[in-house]
Engineer: 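Handing you this structure, nothing more for now.
Chain identifiers are assigned alphabetically (A, B, ...) following the order of the sequence lines, protein sequences preceding nucleic acid strands; residue numbering begins at 1 within each chain. In what follows, every heavy atom counts, from backbone to side chain, and hydrogens, waters and symmetry copies are set aside.
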2 protein chains.
Amino acid sequence: MVRFSDPRFARKSGVQDMPEQMTTARALKAAVSHGNGLLEKLLDALHPDVTERLLSQATLHDVAVGDTLIERGARSEDVGYVLDGTLAMVQVLEDGKKHIVGLLVPTDIYGRLFDGPSNYRIEALSAARILSFPRAFFEQVLRDNPEAERLFLVHLLDEVDAAREWLLLISGRRAVNRVASFLSILQRRTRFKRTGDHAVVHVPLSRKDLAQYLGARPETLSRAFHELEDMGVLRIVDPHHFRIIDEQALIAASGDDLTLQDG
Amino acid sequence: MVRFSDPRFARKSGVQDMPEQMTTARALKAAVSHGNGLLEKLLDALHPDVTERLLSQATLHDVAVGDTLIERGARSEDVGYVLDGTLAMVQVLEDGKKHIVGLLVPTDIYGRLFDGPSNYRIEALSAARILSFPRAFFEQVLRDNPEAERLFLVHLLDEVDAAREWLLLISGRRAVNRVASFLSILQRRTRFKRTGDHAVVHVPLSRKDLAQYLGARPETLSRAFHELEDMGVLRIVDPHHFRIIDEQALIAASGDDLTLQDG
DNA sequence: CGCTGTCGTTGACAACGATCAATGTCCGCT
DNA sequence: AGCGGACATTGATCGTTGTCAACGACAGCG
């Protein structure tokens with residue numbers, strides 16, 4: 001695993017020299033509070049002093065595309081909170097094939113607490129900004145604050161549900177459905193730009209990665225996107241940006257009107 | 001939701017009059033200790049007195065095929081521990097279609113703690129035996145015993161991983177692969193009979209339900225099962241029982257040698 | 001006992017997606 | 001600028017699966 005403090009990592013990935021470490025807790029708290037993510041809830045539940053101490057241990061990191069944050073099988077020393085960008089949880093098979101099993105977008109937390117090594121590699125799909133906490137300290141805070149720990153637990157319950165619901169979405173349906181589902185979920189999970197009055201969704205995956213994620217081939221995805229464009233549902237701005245023209249039609253195209261909750 | 005104490009439920013489902021409620025805690029503990037499930041770990045972590053009190057509140061229930069234990073959207077008053085049989089977590093869509101999103105086999109726990117209503121219906125796929133705890137009391141025990149709560153939390157982490165790994169298995173592969181995966185996972189998760197020296201796996205789902213679960217059609221499954229039989233991997237005893245002839249070949253047929261951990 | 005509905009299976013066919021191949025574009029590199 | 005490589009797209013073909021239909025086995029029921 002390549003740790004943040006590893007100079008090779010800094011060189012390769014363009015991690016900056018982190019003057020941000022000196023940033024005040026207040027400023028960090030402001031950076032965190034842009035959503036209703038888990039971390040924000042945790043901080044709200046904690047005594048202000050604890051919040052202060054936790055944030056004083058946090059460091060900001062800028063990571064570049066392709067950086068590996070946690071290697072599969074490694075025991076991560078950090079817990080990360082995504083501020084900006086997109087990370088992926090990647091399952092690496094013996095034959096070297098990669099398979100994306102989950103996405104991490106702003107307000108998501110990664111890093112396995114109280115437990116063994118990570119089962120996945122965490123990899124940056126786009127340039128990203130991460131708030132990183134020492135795992136041991138984070139765990140201790142949870143241990144000392146049952147309220148917070150319970151919030152974490154409920155969050156995990158939600159994640160289990162989200163994983164199952166995702167399963168439902170990608171299983172046994174047409175490629176167009178899955179692509180439409182993916183786009184409308186992504187639209188809800190990420191902050192997106194609005195131009196005119198149509199949302200532009202940013203897809204930070206290459207066609208190949210997205211294909212792995214959705215259980216299809218790049219060619220099939222290409223056809224699905226263009227089918228949706230022909231239907232007037234969206235417009236392909238570039239291979240990674242899609243302007244949603246008809247949000248209702250997009251939802252309809254995802255199959256039933258089955259929709260995912262956040263998570 | 002139909003609660004256990006509801007006489008309509010008892011009539012419809014054949015729930016017995018529960019003389020088992022009087023069973024001693026010791027006997028219950030013996031019933032629980034047939035695996036290394038979560039509940040067993042929890043009980044081990046608790047002070048014997050607490051264990052005793054918790055088990056004194058537990059009740060045994062026999063449920064019949066098709067019984068609904070928790071309705072979607074309902075707040076369950078119980079936490080259930082599966083002793084025998086198979087339950088399913090069922091997502092019910094607006095158009096009435098059902099979709100199985102997860103199976104519960106012996107040593108699994110269901111019932112949402114610390115949180116809102118269940119997102120799924122819990123339904124018995126076969127006759128089953130359930131150990132049921134009052135949810136509020138169970139929660140209180142966890143609240144009072146951080147050690148136990150942490151066990152529960154780690155268990156949830158595993159569930160999230162299992163859900164993601166399952167996703168990996170069913171996404172984008174041939175029907176035969178999915179069927180083979182399903183069988184070998186089921187073989188490991190359930191206690192199965194051995195006849196001669198070949199394991200006989202019991203599949204408690206109808207072809208239709210299994211099709212929904214695996215993202216395929218009943219016809220396709222039928223062909224997949226018979227393809228595996230032609231390959232000499234297994235023998236179809238009856239539509240719900242399969243004798244595994246060549247375990248290695250089964251694993252090979254599940255695609256890569258990708259195998260699931262328990263969960 | 002025969003009727004009816006459900007279930008598992010099989011066959012024929014069509015639709016969908018995977019595969020193979022070719023093209024164009026963009027980007028980094030020298 | 002020129003080159004090579006990665007990426008997205010498109011077309012053609014083939015394999016797998018969904019769909020439609022029919023059949024036998026079986027259980028529940030009048």
Engineer: Check this for me: does any side-chain nitrogen of one of A:Asp238 and A:Arg243 sit under 4.0 Å from a carboxylate oxygen of the other?
Structural biologist: no
Engineer: What distance do A:Leu205 atom CG and A:Tyr213 atom OH have between them, rounded to the nearest 0.5 Å?
Structural biologist: 8.5 Å
Engineer: Just checking, is any N or O donor in the side chain of A:Arg121 or A:Gln91 under 3.5 Å from an acceptor N or O on the other one?
Structural biologist: no
Engineer: Along nucleotides 5-16 of chain C, 5' to 3', which nucleotides get a B, which get an S, and which get a -, given that the test is a protein heavy-atom distance under 4.0 Å?
Structural biologist: ---SSBBB---S
Engineer: Using rotation axes that map the C1' atoms of four end pairs onto the next four (five pairs an end), what angle separates the end axes of the helix from C:dC1-D:dG30 to C:dT30-D:dA1, to 10°?
Structural biologist: 30°
Engineer: Using whole Å, what does the distance between atom P of nucleotide D:dT16 and atom CG of B:Asn177 come to?
Structural biologist: 11 Å
Engineer: Are the charged groups of A:Glu123 and A:Arg72 less than 4.0 angstrom apart, N to O?
Structural biologist: no
Engineer: Calculate the interatomic distance between A:Glu229 atom CD and D:dA8 atom P; express it in whole Å.
Structural biologist: 16 Å
Engineer: Can a salt bridge be assigned to the pair B:Arg112 and A:Asp161 using a cut-off of 4.0 Å between side-chain N and carboxylate O?
Structural biologist: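 A salt bridge is present here (some side-chain N lies under 4.0 Å from a carboxylate O).
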Engineer: Kindly say whether A:Pro239 contributes a backbone atom to a donor-acceptor pair with the side chain of A:Arg207 at under 3.5 angstrom?
Structural biologist: yes
Engineer: Are the side chain of A:Glu229 and the backbone of A:Ile236 linked by a donor-acceptor contact shorter than 3.5 Å?
Structural biologist: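 Answer holds: yes.
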Engineer: So, are B:Glu227 and B:Arg174 salt-bridged, with charged N and O less than 4.0 Å apart?
Structural biologist: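 A salt bridge links B:Glu227 with B:Arg174.
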